Engineer: 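Encoded as structure tokens, here's the structure I'll be asking about.
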Amino acid sequence: MSLSVVQGFSKSLAMTVLSEIGDKTFFAAAILAMRHPRRYVLAGCLSALIVMTILSAAVGWAAPNLISRTLTKHIATILFLVFGLWSLWDAFHEGDSEELAEVEAELDADLQANGKNKANGKADDETKKKNRPLFSQFFSPIFLKAFSITFFGEWGDKSQIATIGLAAAENPLGVVLGGILGQALCQTAAVFGGKSLAKQISEKFIALSGGVLFIVFGIQSYFSTVDS
């Protein structure tokens with residue numbers, strides 16, 4: 001494995017973990033897993049994030065072919081520095097995060113809109129699902145719900161844009177592999193105990209770490225532009 005792939009992999013892995021722990025999609029996966037079978041929720045959320053990571057990396061990879069590589073690196077540098085300062089601002093100026101409460105409220109509203117009477121037939125539905133072929137089980141309404149909530153929740157998010165910038169500055173293959181591994185770790189943690197884990201996480205520390213990491217990436221991107 002080349003040095004550029006390893007470098008892109010390590011940066012993407014670190015960025016993804018620090019961006020996704022305690023993020024809106026992290027809480028959504030945790031809450032959905034408390035209400036539905038975990039395997040469907042994990043499959044849906046992780047599939048959405050893998051697709052998003054590949055699409056973002058593809059955009060970042062294509063960017064230098066559309067505009068000059070130097071301009072691309074300048075844009076990536078600015079993005080990293082802005083996101084770094086944004087994260088540091090969040091760490092010092094926000095109180096306890098209301099993200100978990102917001103996600104719970106949204107999912108509760110969605111549950112009420114669909115009708116609570118579906119709960120009465122839950123046992124029968126689960127029995128029917130167990131008798132379905134494995135492939136069709138993973139395309140159940142629960143899978144599609146987890147996929148859509150995660151995909152659209154991640155669209156335009158800070159981590160998605162950062163992945164585009166990282167893929168423009170680093171080896172896209174390494175960025176994709178690191179991003180997928182990071183997403184797999186975060187979503188697995190969310191599904192298998194995310195709510196209790198979220199209460200133990202120091203959100204200020206995560207925001208500080210993420211902010212410092214983005215700024216370091218921005219500085220490295222700046223000096224790589226100067227050297228080239």
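Just so it is clear, the model here is predicted, and its values are computed rather than measured. This chain uses plain numbering: 1 for the first residue, then up along the sequence. These values consider heavy atoms only, across backbone and side chains, with no hydrogens, waters or symmetry-generated copies.
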Engineer: What are the two closest non-hydrogen atoms of Gln160 and Trp155, and how far apart are they?
Structural biologist: OE1-C, 3.7 Å
Engineer: Using side-chain heavy atoms (C-beta onward) and a distance below 4.5 Å, is Phe143 in contact with Ser47?
Structural biologist: yes
Engineer: Verify side-chain contact (heavy atoms from CB on, under 4.5 Å) between Phe83 and Ser19, making sure each step is shown before the conclusion.
Structural biologist: CA-CA 10 Å; Phe83 288 155; Ser19 297; over 6 Å; no
Engineer: Residues in side chain to side chain donor-acceptor pair (under 3.5 Å) with Glu20, at least two apart?
Structural biologist: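 Scan of Glu20 (side chain to side chain donor-acceptor pair (under 3.5 Å), adjacent residues dropped) gives Thr25, Ser159.
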Engineer: Tell me which pairs pass side-chain hydrogen bond (donor to acceptor under 3.5 Å, both in side chains) where either residue lies in residues 49-58, with sequence neighbours left out.
Structural biologist: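 Sorted pair list comes back empty.
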Engineer: Tell me whether Phe9 shares a hydrophobic cluster with Leu213, the cluster being built from Ile, Leu, Val, Met, Phe, Trp, Tyr side chains joined at under 4.5 Å.
Structural biologist: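 Linked within one cluster.
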Engineer: Which residues satisfy the side chain to side chain contact (heavy atoms under 4.5 Å, CB included) test with Ala29, sequence neighbours excluded?
Structural biologist: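 Residues passing side chain to side chain contact (heavy atoms under 4.5 Å, CB included) with Ala29: Cys45, Gln187, Ala190, Val191.
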Engineer: Under the rule for side chain to side chain contact (heavy atoms under 4.5 Å, CB included), what residues qualify as partners of Ala168, not counting sequence neighbours?
Structural biologist: Thr72
Engineer: Name all residues meeting the side chain to side chain contact (heavy atoms under 4.5 Å, CB included) criterion together with Ile215; count only those two or more places apart in sequence or in a different chain, and write none if there are none.
Structural biologist: Leu81, Leu85, Leu88, Ile219
Engineer: Drop me the distance from Leu42's CG to Leu32's CG, to the nearest 0.5 angstrom.
Structural biologist: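 Spacing of CG (Leu42) from CG (Leu32) equals 11.5 Å.
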Engineer: Under a single-linkage rule joining Ile, Leu, Val, Met, Phe, Trp and Tyr whose side-chain heavy atoms are separated by less than 4.5 Å, which residues share a cluster with Ile164?
Structural biologist: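 When side chains under 4.5 Å apart are linked, the cluster holding Ile164 also contains Val59.
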Engineer: Would you kindly confirm whether Phe192 and Leu49 end up in one hydrophobic cluster when ILVMFWY residues are joined by side chain heavy atoms under 4.5 Å apart?
Structural biologist: no
Engineer: Once you measure the plane-to-plane angle for Phe217 and Phe80, does it fall in the parallel (<30°), tilted (30-60°) or perpendicular (>60°) bin?
Structural biologist: perpendicular
Engineer: Are Phe214 and Val17 connected, step by step, through hydrophobic side chains (Ile, Leu, Val, Met, Phe, Trp, Tyr) whose heavy atoms are closer than 4.5 Å?
Structural biologist: yes
Engineer: Give a yes or no on whether Leu55 and Trp61 share a hydrophobic cluster (residues Ile, Leu, Val, Met, Phe, Trp, Tyr; joining criterion: side-chain heavy atoms under 4.5 Å apart).
Structural biologist: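 No, Leu55 does not connect to Trp61 through the hydrophobic network.
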Engineer: So does Val175 get a backbone contact from the side chain of Ser12, meaning a donor-acceptor N/O pair under 3.5 Å?
Structural biologist: yes
Engineer: Quick test of your reading: applying side-chain hydrogen bond (donor to acceptor under 3.5 Å, both in side chains), list the pairs with at least one residue in residues 161-177, sequence neighbours left out, ordered by first then second residue.
Structural biologist: Ser4-Asn171, Gln7-Glu170, Lys11-Glu170
Engineer: If you look only at distance, which donor and acceptor atoms sit under 3.5 Å apart when one is on a side chain in residues 146-153 and the other is two or more places apart or in another chain?
Structural biologist:
{"from": "Ser148", "atom 1": "OG", "to": "Leu144", "atom 2": "O", "distance (Å)": "3.0"}
{"from": "Ser148", "atom 1": "OG", "to": "Lys145", "atom 2": "O", "distance (Å)": "3.0"}
{"from": "Thr150", "atom 1": "OG1", "to": "Ala146", "atom 2": "O", "distance (Å)": "2.8"}

Engineer: Any salt bridge (charged side-chain N to carboxylate O under 4.0 Å, His left out) pairs touching residues 50-67, not counting sequence neighbours?
Structural biologist: none
Engineer: Looking at residues at least two apart in the chain, or sitting in another chain, which of them share a side chain to side chain contact (heavy atoms under 4.5 Å, CB included) with Ile54?
Structural biologist: Ile50, Val176
Engineer: Under a single-linkage definition using a 4.5 Å side-chain heavy-atom cutoff for Ile, Leu, Val, Met, Phe, Trp and Tyr, are Phe26 and Leu13 assigned to the same hydrophobic cluster?
Structural biologist: yes
Engineer: Could you tell me the separation between the CE atom of Met15 and the CG atom of Leu166, rounded to the nearest 0.5 Å?
Structural biologist: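 Answer rounded to 0.5 Å: 5.5 Å.
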